[in-house]
J.: 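Okay, handing you the structure first.
Proteins come first, then strands; the chains are lettered A, B, ... in the order of their sequence lines, and each starts at number 1.
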Protein chains: 2
Amino acid sequence: MKETCLVHTKVFQSALRGKKLKATPGRLAILDIFAHCNKPLSIKELKKMAGSAGPDIATLYRNAESLTAEGMLVKVNLGEKNSAYELASRKHHHHLICKTCGQVADVTISASPGLNQQALKAAKDFAAVSGHSLEFFGFCKKCVKK
Amino acid sequence: MKETCLVHTKVFQSALRGKKLKATPGRLAILDIFAHCNKPLSIKELKKMAGSAGPDIATLYRNAESLTAEGMLVKVNLGEKNSAYELASRKHHHHLICKTCGQVADVTISASPGLNQQALKAAKDFAAVSGHSLEFFGFCKKCVKK
DNA sequence: GCTTATTTGCAAATAATTCGCATTTAGTAT
DNA sequence: ATACTAAATGCGAATTATTTGCAAATAAGC
């Protein structure tokens, strides 16, 4: 198995038990990967990082979904066909994605919290706005030199 | 064939010729559908609306891509596995999607234009921000009554 | 009308995601 | 610690989404 961090593992175990989820190797593997990698990862990338001894890809799909349902992961939309995830425990932020190389940077937008109310006000058929997805696209300094 | 609008068709034909795209039935079918339906549509939905006499699904994929590359369509991310498109000629706006029934409402965010600069300032490795995707999630009035 | 580069339909190939089911296992009660 | 039960896992097969190859059709320009 990969070099998992015991401290993280303990924390994740309690967190999982606090929800209605069992602390299984499949879930701990996912959470451990994210604890060491602060960027959105697709299922395929998770599979690669977990290695051949890691959970089956079907298990990764199922756990990404259950962890998201319980609020431990958030689904991130990077404009790719396959969706990515990251740890929900991180503070609210958005992403800036390089259209050439795919590099992802975190960005914090000060106005972000107020956007939901603004959206609700603008849509008369809606009763509530619970969240948003805000992703930026552009070019990183490396790729713009072309 | 569906009741296409001659006026629209003329406009789209010129628009296509203005780009480097031929005004083919496949492309006109897509543009005509969007001219009558102001909401994001997936390829599957386009196929259904085009009907059995409409373009093959492979053609829809190829044309959605070429029209997007030429700036006549924009790809919209509604949090679904399959991506959707809408006419680029419409003024800049965002979407609010009901998490229960999938209904989509357009919303305009006043601060929206300034967000790109804010993102660029926050990401030191990036040289330019060319656009963003901002989608809201919530519950429509019909679905919240449960 | 003739020519040519594009586009199209169709079928087959990939890729992404989900499902069924027998087996294993985490959490709990004994 | 042992037994029990619902939940989780692996594996393969089934779906679903998207892309590709290629021969036939056709839009645009001459």
J.: Would one find a side-chain N or O of A:Arg27 under 4.0 angstrom from OP1 or OP2 of D:dA8?
T.: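 So the side chain of A:Arg27 is within the cut-off, an N or O lying under 4.0 Å from OP1 or OP2 of D:dA8.
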
J.: Please state how far atom CD in A:Glu65 lies from atom C1' in C:dC19, giving the value in whole angstrom units.
T.: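 Those two atoms, CD and C1', are 12 Å apart.
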
J.: Is there a side-chain contact between A:Lys44 and the phosphate of C:dA16, meaning an N or O under 4.0 Å from OP1 or OP2?
T.: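 Checking C:dA16 against A:Lys44, a side-chain N or O does come within under 4.0 Å of OP1 or OP2.
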
J.: Could you check how far OH of B:Tyr85 sits from C1' of D:dA17, rounded to whole Å?
T.: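 Taking atom C1' of D:dA17 as the reference, OH of B:Tyr85 is at 12 Å.
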
J.: Check the phosphate of C:dT8 against B:Asn63, side-chain N and O only, distance under 4.0 Å to OP1 or OP2. Yes or no?
T.: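 Checking B:Asn63 against C:dT8: at least one side-chain N or O falls below 4.0 Å of OP1 or OP2.
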
J.: Side chains of B:Leu16 and B:Leu28: does their closest heavy-atom pair fall under 4.5 Å?
T.: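 With C-beta onward as the side chain, the pair touches.
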
J.: Which heavy atom of A:Cys98 sits nearest to which heavy atom of A:Phe139, and what is that distance?
T.: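 In terms of heavy atoms, the two residues are closest at SG-CA, 4.0 Å.
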
J.: For a quick test of reading the model: is some side-chain N or O of A:Thr59 closer than 4.0 Å to OP1 or OP2 of D:dG10?
T.: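 Answer yes for this pair, as a side-chain N or O of A:Thr59 is under 4.0 Å from OP1 or OP2.
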
J.: For A:Gly54 and B:Ile57, find the nucleotide of DNA chain D closest to each by heavy atoms; which residue's nucleotide sits nearer the 5' end?
T.: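 It is A:Gly54, whose closest nucleotide lies nearer the 5' terminus.
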
J.: Write down the distance between NZ (A:Lys47) and P (C:dA15), rounded to a whole number of angstrom.
T.: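 Those two atoms, NZ and P, are 17 Å apart.
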
J.: Any chance the side chains of A:His132 and A:His94 put a donor and an acceptor closer than 3.5 Å?
T.: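 Distance-only check passes for A:His132 and A:His94.
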
J.: Starting from P on C:dC10, measure out to CG on B:Leu60 and report it in whole angstrom.
T.: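 Checked: the CG to P distance equals 12 Å.
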
J.: Between A:Gln13 and A:His8, is there a side-chain donor-acceptor contact under 3.5 Å, judged purely by atom types and distance?
T.: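 Looking only at side-chain atoms, A:Gln13 and A:His8 do not form any donor-acceptor pair under 3.5 Å.
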
J.: For A:Asp56, answer base if it contacts any base atom (sugar-phosphate contacts may also be present), sugar-phosphate if it contacts only those atoms, and nothing otherwise; contact means non-hydrogen atoms under 4.0 Å.
T.: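 Contact class for A:Asp56: base.
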
J.: Please report, rounded to the nearest Å, how far the P atom of D:dA7 is from the CG atom of A:Leu16.
T.: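 From A:Leu16 CG to D:dA7 P: 15 Å.
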
J.: So, A:Lys141 side chain and B:Phe126 main chain: donor-acceptor pair closer than 3.5 Å or not?
T.: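 No; zero donor-acceptor contacts below 3.5 Å.
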
J.: Would you kindly give the CD-to-C1' distance between A:Glu80 and D:dT19, to the nearest whole Å?
T.: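 For the pair A:Glu80 CD and D:dT19 C1', the rounded distance is 16 Å.
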
J.: Are OP1 or OP2 of C:dT17 and a side-chain N or O of A:Tyr61 less than 4.0 angstrom apart?
T.: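 Checking A:Tyr61 against C:dT17: at least one side-chain N or O falls below 4.0 Å of OP1 or OP2.
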
J.: What is the distance from atom CZ of B:Phe34 to atom CG of B:Leu73, rounded to the nearest 0.5 Å?
T.: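 One gets 5.5 Å once the value is rounded to the nearest 0.5 Å.
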
J.: With the side chain of A:Arg62 defined as its heavy atoms from C-beta on, choose the nearest nucleotide among D:dG10, C:dA16, D:dC22.
T.: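 Taking heavy atoms from C-beta onward, the closest nucleotide is D:dG10.
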
J.: How close or far is atom C1' of C:dT18 from atom CG of A:Asn82, stated in whole angstroms?
T.: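 About 15 Å, once rounded to whole Å.
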
J.: Taking the basic N atoms (NZ, or NE/NH1/NH2) and the acidic carboxylate oxygens, is any pair closer than 4.0 Å for B:Arg90 and B:Asp106?
T.: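 Salt bridge: yes.
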
J.: Just to be sure I understand the rule, does B:Ser83 reach a base, reach only the sugar-phosphate, or reach nothing, if contact means heavy atoms closer than 4.0 Å?
T.: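 Sugar-phosphate, no base atom in range.
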
J.: Would you tabulate the nitrogen or oxygen pairs shorter than 3.5 Å linking the protein to nucleotides 24-28 of chain C?
T.:
residue : atom : partner : partner atom : Å
C:dA26  : N3   : A:Lys22 : NZ           : 3.2
C:dG27  : OP1  : A:Arg17 : NE           : 2.8
C:dG27  : OP1  : A:Ala23 : N            : 3.0
C:dG27  : OP2  : A:Arg17 : NH2          : 3.0

